[in-house]
Amino acid sequence: MRRVVCPGSFDPVTNGHLDIIGRASGLYDEVVVAVLINITKKSLFSVDERVAMLGEVTKGYGNVRVERFHGLLVDFCAANGITAIVKGLRAVSDFEYEMQMAQMNYRLAKVETMFMTTNPLYSFLSSSLIKEIATYGGDVSGLVPEIVLTELRARLKDLSSAARRLPAMSWESHAGAGRLIGRFSHRQTR
Ligand code: ADP
């Protein structure tokens, strides 16, 4: 069984992430999408919400499952029988950092990293850029799955009404509010 992991923050999942996940699912027996739990990083969506959205948009693939992890990725790999990490490379700017991580992960636990060049349609895409554009009312349709678009609009609407009540706060400082609102918390996650 060739099982690989696609790790990331996925805050939220974009069509660039999905492209890599879909291509990996055609190459390997099983793909584990692992959502990083990072309590020090501000996020727009809670981990549960990100996992639920990923579960929804990858449900068409029979061999993709979504998990969460914290700590070292190589420990997650060892605990789940994963021998390789799959990452997308968008631009040369991604390369230096990714190479360092790949070499360290191999040094730590002999876990390989497989790089896929991004689909040129999505090479400029990142979750942070999506959030920034959407915050200012820009059109991000076609860059994220429909369900993410809907949730993104709803979350930013919730936050902008909260910001009217509490001026001088951005979505980043409202990240905790996302957890309280918990639009996905009632849904079953995989
Ligand atoms: P980001 O905020 O940059 O999208 P993530 O941590 O969620 O960051 O991304 C996880 C991984 O997904 C990245 O390390 C990269 O391998 C891949 N990835 C992200 N965006 C793209 C994209 N547009 N095209 C290809 N791969 C991508």
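FYI, the numbering just counts along the sequence from 1. Just follow the structure's listing: the first ligand is 1, and inside any ligand the first atom is 1.
The protein non-hydrogen atom at the shortest distance from atom 23 (N) of ligand 1 is Tyr122 O, 2.9 Å. Looking from atom 6 (O) of ligand 1 to the surrounding protein, the closest heavy atom is Ser9 N, 3.1 Å. Among protein heavy atoms, atom 1 (P) of ligand 1 sits closest to Ser127 N, 3.8 Å. Nearest protein neighbour of atom 16 (O) of ligand 1, counting heavy atoms only, is Gly88 N, 2.7 Å. Atom 20 (N) of ligand 1 has its closest protein heavy atom at Arg90 NH1, 3.3 Å.
For ligand 1, one of its N or O atoms has an N or O atom of His17 under 3.5 Å away. Some N or O of Leu125 is nearer than 3.5 Å to an N or O of ligand 1, by distance alone.
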Dump the intermediate steps for side-chain contact (heavy atoms from CB on, under 4.5 Å) on Ile85 and Leu73, then the final yes or no. CA-CA 9 Å; Ile85 300 163; Leu73 181 59; 3.5 Å; yes
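Of the N and O atoms on the side chains of Asp139 and Ser141, at least one donor lies less than 3.5 Å from an acceptor on the other residue.
The closest approach between a heavy atom of Pro7 and any atom of ligand 1 is below 4.0 Å. Not a single heavy atom of Thr14 lies less than 4.0 angstrom from ligand 1. At least one heavy atom of Glu98 sits less than 4.0 Å from an atom of ligand 1.
In this structure, Val148 and Glu56 have side chains that are not in contact, with every pair of non-hydrogen atoms separated by 4.5 Å or more.
Considering Asp11, Val140, Leu156 as possible partners of Lys131, the one that fulfils the side-chain contact (heavy atoms from CB on, under 4.5 Å) test is Asp11.
The atoms of ligand 1 that sit less than 4.0 Å from any heavy atom of Phe10 are 7 (O). Each of the atoms 14 (O), 16 (O) of ligand 1 lies under 4.0 Å from some heavy atom of Lys87. Close contacts between ligand 1 and Gly8 involve ligand atoms 6 (O), 10 (C) [criterion: under 4.0 Å to a heavy atom]. Interface atoms of ligand 1 facing Thr118, defined by a heavy-atom separation under 4.0 Å, are 22 (C), 24 (N), 25 (C).
In this structure, CG on Asn105 lies 10.5 Å from CD on Glu112, to the nearest 0.5 angstrom.
Sorted by first and then second residue, the pairs that involve residues 94-104 and meet side chain to side chain donor-acceptor pair (under 3.5 Å), not counting sequence neighbours, are Lys87-Glu98, Arg90-Asp94.
More than 12 heavy atoms of other residues, nucleotides or ligands shown are found within 6.0 angstrom of CE on Met116. When the shell of 6.0 Å around CZ of Phe95 is examined, it contains 12 or fewer heavy atoms from other residues, nucleotides or ligands.
Relative to the ring axis of Tyr106, Lys110 places its NZ or CZ within 45° and under 6.0 Å from the centre.
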